[in-house]
Novice: 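One structure follows; several queries about it will come next.
Convention: sequence-line order gives letters A, B, ...; per-chain numbering from 1.
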Amino acid sequence: MRHDFADMEKKWQRRWEESGVFHAENGSDKEKFFALIEFPYPSGAGLHIGHPRPYTALDIVARKRRMQGYNVLFPIGWDAFGLPTENYAIKNNIHPREVTKTNVARFKAQLQAIGLSFDWSREVNTTDPDYYKWTQWIFLKMFEHGLAYKSTMPVNWCTSCKCVLANEEVVNGVCERCGSEVVRREKSQWMLKITAYAQRLIDDLDTVDFLPRIKAQQLNWIGRSTGAEVDFDTTAGDKLKIYTTRVDTLFGATYMVISPEHPYVEKWKDRIENYAEVADYRYQSSKKSDFERTELAKDKTGVRIAGVNAINPANGAEIPVFVSDYVLMGYGTGAIMAVPGHDERDWEFARKFGLPIIEVVAGGDVTQAAFTDCETGTLVNSGFLDGMSVEEGKAAMIARLKAEGQGHEKVNYKLRDWVFSRQRYWGEPIPLVYCEKCGWVPVPENELPLRLPEVEKYEVTDNGESPLANCTDWVNTTCPRCGAAAKRETDTMPQWAGSSWYFLRYTDPHNDKALASPEALRYWTPVDWYNGGMEHTTLHLLYSRFWHKFLYDIGVAPTSEPYMKRTSHGMILGENGEKMSKSRGNVINPDDIIARYGADTMRLYEMFIGDFEKAAPWSDSGIRGCRRFLDRIIALAERVQEGKEYSAANEKAMHKTIKKVGEDIENLKFNTAIAAMMSLLNQLDEQGVNRAEFTDFITILNPFAPHLTEELNERFGGERMLAATAWPAYDESKTVDDVVELAVQVNGKLKGVITAAKDEEDERVLEIARADEKVSAALAGMQVVKSIVIKNKIVNFVVKPM
RNA sequence: GCCGGUGUGGCGGAACUGGCAGACGCCCGGGACUUAAAAUCCCGUGAGGUAACACUCGUACCGGUUCGAUCCCGGUCACCGGCACCA
């Protein structure tokens with residue numbers, strides 16, 4: 001029999017859509033299950049072969065849960081604002097809206113061809129004004145609550161995109177998107193105060209089921225450290241506040257360093273004897289990009305501030321103050337005490353500038369290298385701390401500083417506030433108006449969405465302003481508060497905005513009164529299972545957790561965490577084991593694969609290709625094995641014996657496989673689930689199969705290869721679609737064998753395999769084992785010192801020569 | 001440097017968290033069917049060794065614990081991912 005996969009697959013995709021079997025139901029009293037995949041950015045390149053891997057995985061989970069009676073929400077949408085679309089639009093002179101429309105249509109057709117069980121009636125698009133109305137609304141709420149603020153600060157400026165980037169978007173000093181150089185620039189930006197949520201973002205990780213490596217990466221990114229702030233008196237008559245994690249080494253502080261951007265450079269201007277030199281150093285540093293500043297890190301630079309010294313509060317010593325760009329303004333207080341004996345950077349700096357190095361923790365040789373071990377050292381040369389461990393020393397020093405009003409404990413985070421402005425066209429307009437009299441005033445809620453105006457050109461203006469700045473009709477408005485002439489904010493939001501809350505919209509996507517109704521949110525959220533790429537761990541995943549916590553705080557979201565469970569998939573690599581890319585010429589196009597093998601085969605292969613969580617190279621011959629598997633099932637269908645008798649062997653295999661496939665799906669072990677079904681096919685092929693057995697088989701295969709299994713089910717007169725059929729139950733007692741094989745070892749070396757009844761008495765098992773020919777040969781002339789029987793598994797005779 | 005992970009046949013990968021290493025698939029070899037090829041089906045396939053058995057070795061490397069280690073412990077090496085002048 002020949003199968004026209006293309007027609008057959010289209011037919012079932014149509015049937016599913018017409019029947020609405022995959023529609024999630026609001027207001028149901030069934031138990032819900034919310035499965036979520038990261039909605040794609042509809043790029044011009046079309047769907048990548050990597051997309052279907054996570055999509056199919058959660059599709060399998062969703063299909064199975066539906067068959068198990070859950071009310072399943074498995075939605076899809078488009079994360080469609082963003083630079084690539086805008087750049088393409090500029091280059092080809094097409095409106096970004098049109099580009100988006102085209103790309104979405106293409107993506108949609110491609111996704112539908114895979115047979116994913118999305119509820120297409122809930123499709124969302126971040127560029128739809130009915131959607132971004134609520135993105136703007138959330139921003140305004142944050143503004144109201146003081147979490148959105150404007151700040152002039154050094155920002156990452158991509159020289160090619162002509163756009164500000166968040167720290168997260170700068171990778172190794174270059175733009176994550178285009179790879180161009182990123183420099184620092186002073187700009188006035190909208191910021192979101194994610195740092196206010198740092199501790200909660202850490203703490204609540206304990207309440208969710210994320211892969212350990214995801215939690216570890218988030219913790220790392222947030223970068224909490226516990227230390228102390230200490231005030232140093234200065235000869236300028238003021239106090240210089242520093243942050244340190246090693247207060248125990250205070251006696252070893254022999255100089256201070258402040259960042260070039262530190263405000264004291266200006267504050268002390270009149271006292272600094274070499275101000276010109278200091279100012280020049282500051283200017284030189286400001287010209288360096290972050291990349292240069294860190295890459296050239298090995299060689300420390302700096303300038304001593306002549307005319308101001310600091311007093312070490314531990315011992316009253318007067319110590320010099322330097323400016324150096326190895327101290328960053330953005331972390332701690334922008335100033336440090338330098339303890340060259342016990343900090344590598346300080347040690348290098350001290351060496352270069354000939355500064356004293358004092359050992360205050362014994363255990364190393366500070367003339368050779370900084371001794372940074374906190375576990376083993378004992379404090380020395382430290383007055384009242386002498387003899388203490390590092391930990392004891394910290395506590396004692398903090399107590400004393402507190403008593404003297406010179407310092408206190410302090411927790412710091414590496415996490416910075418989120419730079420939220422983009423000088424670009426294709427993003428959500430920031431709904432604020434600047435009035436000379438009233439300052440920043442929100443656009444009234446009833447005027448949302450604040451739509452993107454039509455403009456002629458999307459290019460950034462030469463001075464780095466958003467293209468919206470040229471749109472004077474739109475920019476010039478009146479103040480919502482006082483009615484005076486005012487100007488709109490012309491920056492737009494970053495791509496991360498729309499994706500920070502999209503999953504909430506799915507619960508009630510057409511609501512025009514709220515981002516979603518409280519009932520829908522209460523029923524559907526949190527997301528039960530969210531799968532996505534590791535590359536989003538510190539960006540999207542953290543941002544959306546932050547937004548969700550805020551929505552929780554203002555009573556919109558019912559839970560403080562958005563996602564109960566987060567898993568991650570590995571990339572699909574090219575056949576040569578390298579990352580797929582046009583330049584490497586190893587790109588596989590999903591359209592071609594579907595045309596050649598069918599969607600079921602592609603689904604199956606992407607699940608069989610390897611460990612779901614790890615990267616795996618594509619293999620053209622590997623996928624043929626999966627197609628062969630389906631062909632063999634079609635062949636087996638021809639040989640189904642109506643009314644074939646009950647077969648104990650088949651029954652056992654069935655129950656075992658149903659159990660294994662069910663469990664493997666829940667554990668992301670799709671590869672072994674498929675292997676188990678391949679084994680089952682081998683068994684049924686040999687033993688013959690009756691209709692009931694065959695039906696159970698295609699039912700558990702249905703989530704993996706939904707089209708073919710529906711077709712076969714229909715051919716066998718199945719009354720309803722497999723998609724609407726119950727997931728088969730298994731009988732635990734029928735998954736266990738009543739006769740088991742045991743390996744028999746002599747001194748740990750395998751000598752033979754015996755069969756015995758399950759849970760057979762140890763004595764009897766030993767008897768059978770001794771009777772085995774090879775075993776008895778191995779035991780001949782030996783004295784058995786010990787006999788070990790592990791139930792249903794193994795027998796081991798420990799022997800020595802007689 | 002810090003954090004996380006990985007290392008198993010020619011290849012992708014299995015192995016109930018201490019119990020027959022290599023499931024399942026790919027590739028490859030042999031055979032059947034065919035005028036022939038493709039497709040399909042059957043057999044074989046970790047390495048050494050043997051006429052065939054036997055036997056020996058084998059989960060990156062070295063050592064340890066154990067009746068028994070891919071799994072646990074100590075050390076070494078290699079690779080991948082994240083962070084990184086964060087005091």
Novice: Between B:C83, B:A23, B:G68, spot the one nearest the side chain of A:Asn796, thanks.
Specialist: B:G68

Novice: Base, sugar-phosphate, or nothing for A:Gln745, non-hydrogen atoms under 4.0 angstrom?
Specialist: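 If one applies the 4.0 Å heavy-atom cut-off, A:Gln745 turns out to touch a base.
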
Novice: Tabulate below the donor-acceptor pairs under 3.5 Å that side-chain atoms of residues 739-749 of chain A make, not counting sequence neighbours, or state none.
Specialist:
unit_1   : atom_1 : unit_2   : atom_2 : d
A:Asn747 : OD1    : A:Val799 : N      : 2.9
A:Asn747 : ND2    : A:Val799 : O      : 3.3

Novice: From the options B:C67, B:C83, B:G12, select the nucleotide whose nearest atom is closest to the side chain of A:Pro617.
Specialist: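 Looking only at side-chain atoms, A:Pro617 lies closest to B:G12.
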
Novice: Confirm from the modelled atom types if A:Asn220 and B:C83 form a donor-acceptor pair under 3.5 Å, side chain to base only.
Specialist: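 There is none.
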
Novice: Please report the distance, rounded to the nearest Å, between NZ in A:Lys414 and C1' in B:G82.
Specialist: 11 Å

Novice: Quick one: the side chain of A:Lys300 and the base of B:C85, do they pair up donor-acceptor inside 3.5 Å?
Specialist: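 Result: at least one qualifying N/O pair found.
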
Novice: Could you give the distance separating B:C2 and B:G13 at their C1' atoms, to the nearest angstrom?
Specialist: 32 Å

Novice: With a 3.5 Å distance limit and no angle check, can you tell me whether A:His342 reaches the backbone of A:Ala370 through a side-chain donor-acceptor pair?
Specialist: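 Pair absent, no side-chain N/O of A:His342 close to backbone of A:Ala370.
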
Novice: Using the C1' atom in both, what is the distance from B:U65 to B:C77, to the nearest Å?
Specialist: 23 Å

Novice: Is the phosphate of B:A87 approached by A:Tyr326 (side-chain N or O, under 4.0 Å from OP1 or OP2)?
Specialist: no

Novice: So, is A:Arg624 near the phosphate of B:A39, with a side-chain N or O under 4.0 Å from OP1 or OP2?
Specialist: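 No, outside the criterion.
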
Novice: Are more than 12 heavy atoms from other residues, nucleotides or ligands located less than 6.0 Å from atom CD of A:Glu761?
Specialist: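 Open: at most 12 neighbouring heavy atoms sit under 6.0 Å from CD of A:Glu761.
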
Novice: Roughly, in whole Å, what's the span from CD1 in A:Ile790 to P in B:A69?
Specialist: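 My rounded result for the distance is 14 Å.
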
Novice: Assuming nearest nucleotide by heavy-atom distance, tell me which of A:Ala335 and A:Ala216 is located more 5' along RNA chain B.
Specialist: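 Final value for this comparison: A:Ala216.
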
Novice: Using the C1' atom on both, measure B:A23 against B:G12 and round to a whole Å.
Specialist: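 The same atom, C1', in both gives a distance of 13 Å.
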
Novice: Might you confirm whether atom CD of A:Glu763 has over 12 heavy atoms from other residues, nucleotides or ligands at distances under 6.0 Å?
Specialist: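 12 or below, so no.
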
Novice: Determine: side-chain N/O of A:Arg628 to OP1/OP2 of B:C27, distance under 4.0 Å, yes or no.
Specialist: yes

Novice: Under 4.0 Å between any heavy atoms, over every strand shown, what does A:Ile609 touch: base, sugar-phosphate, or nothing? Just pick one.
Specialist: sugar-phosphate

Novice: Could you state the CD-C1' distance from A:Glu348 to B:C85, rounded to the nearest angstrom?
Specialist: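 In whole Å, B:C85 C1' lies 9 Å from A:Glu348 CD.
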
Novice: Pick the C1' atom in B:G18 and in B:G64, then give their distance to the nearest Å.
Specialist: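 Nearest-Å result for B:G18 against B:G64 at atom C1': 15 Å.
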
Novice: Tell me, what's RNA chain B's dot-bracket, Watson-Crick or G-U with both distances under 3.5 Å, | for other-strand, [ ] crossing?
Specialist: (((((((..(((......[....))).(((((.......))))).(((......)))..(((((..]....))))))))))))....

Novice: Expressed as a whole number of Å, how far does the P atom of B:A87 sit from that of B:C71?
Specialist: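 About 36 Å, rounded to a whole number of Å.
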
Novice: Does atom NZ (A:Lys579) have a neighbourhood of more than 12 heavy atoms from anything else shown, all under 6.0 Å?
Specialist: no

Novice: Tell me, with the steps shown, if A:Phe349 and A:Tyr255 meet ring-ring contact (aromatic ring centres under 6.0 Å, His included).
Specialist: CA-CA 10 Å; A:Phe349 190 90; A:Tyr255 65 101; 5.4 Å; yes

Novice: Ignoring hydrogens and geometry beyond distance, is the side chain of A:Glu741 in donor-acceptor contact with the base of B:C20 at under 3.5 Å?
Specialist: yes

Novice: Measure CZ/A:Phe608 against C1'/B:A14 and give the value in whole Å, please.
Specialist: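 In whole Å, B:A14 C1' and A:Phe608 CZ are 10 Å from each other.
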
Novice: Does B:G63 count as syn, meaning its glycosidic angle lies within 90° of 0, or as anti?
Specialist: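 Anti conformation for B:G63.
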
Novice: When the C1' atoms of B:A69 and B:U50 are compared, how many Å lie between them, rounded to an integer?
Specialist: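 Per the computed distance, 30 Å lies between those C1' atoms.
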
Novice: Side-chain N or O of A:Thr538 less than 4.0 angstrom from OP1 or OP2 on B:G82?
Specialist: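 For A:Thr538, the contact criterion (side-chain N or O under 4.0 Å from OP1 or OP2 of B:G82) is not met.
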
Novice: If you look at every strand shown and take non-hydrogen atoms under 4.0 Å, does A:Thr537 touch a base, only sugar-phosphate, or nothing?
Specialist: nothing

Novice: Rounded to whole angstrom, note down the C1' distance from B:A60 over to B:G9.
Specialist: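 Each nucleotide's C1' atom is 15 Å from the other's.
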
Novice: Between A:Asn671 and B:A14, does any side-chain N or O lie under 4.0 Å from OP1 or OP2?
Specialist: yes

Novice: Distance check: side-chain N/O of A:Arg213 vs OP1/OP2 of B:U6, anything under 4.0 Å?
Specialist: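 Negative; the distance criterion is not met.
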
Novice: If you measure from the P atom in B:C3 to the same atom in B:C57, how many Å do you get, rounded?
Specialist: 39 Å

Novice: Rounded to the Å, how far apart are A:Glu686 CD and B:C43 C1'?
Specialist: 13 Å

Novice: I want to check one thing: is the phosphate of B:G25, taken as OP1 and OP2, less than 4.0 Å away from some side-chain N or O of A:Asn682?
Specialist: yes

Novice: If you draw a 6.0 Å radius around CD in A:Glu663, do more than 12 non-hydrogen atoms from other residues or ligands fall strictly inside?
Specialist: yes

Novice: Pick the closest RNA chain B nucleotide for A:Arg632 and for A:Met534 by heavy atoms, then say which residue is nearer the 5' end.
Specialist: A:Arg632

Novice: Less than 4.0 angstrom between a side-chain N/O of A:Lys749 and OP1 or OP2 of B:C57, yes or no?
Specialist: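 For B:C57, OP1/OP2 do have a side-chain N/O of A:Lys749 under 4.0 Å.
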
Novice: Side chain of A:Asp611: nearest nucleotide among B:A87, B:A15, B:G13?
Specialist: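 The nucleotide sitting nearest to the side chain is B:G13.
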
Novice: Could you check how far CD1 of A:Ile794 sits from C1' of B:A69, rounded to whole Å?
Specialist: 12 Å

Novice: Between A:Phe670 and A:Phe608, is the gap from one ring center to the other below 6.0 Å?
Specialist: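 So the answer is no for these two rings.
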
Novice: Please report the distance, rounded to the nearest Å, between NZ in A:Lys614 and P in B:G5.
Specialist: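 Spelled out: NZ on A:Lys614 to P on B:G5 is 12 Å.
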
Novice: Atom CD1 of A:Ile674 to atom P of B:G12: distance rounded to whole Å?
Specialist: 18 Å

Novice: Check the pair A:Asp738 / A:Lys652 against salt bridge (Lys or Arg N to Asp or Glu O under 4.0 Å), numbers first and verdict last.
Specialist: CA-CA 10 Å; A:Asp738 24 50; A:Lys652 193 135 278 177; 3.7 Å; yes

Novice: Walk me through whether A:Ser225 and A:Asn412 qualify under side-chain hydrogen bond (donor to acceptor under 3.5 Å, both in side chains).
Specialist: CA-CA 5 Å; A:Ser225 76; A:Asn412 257 320; 5.6 Å; no

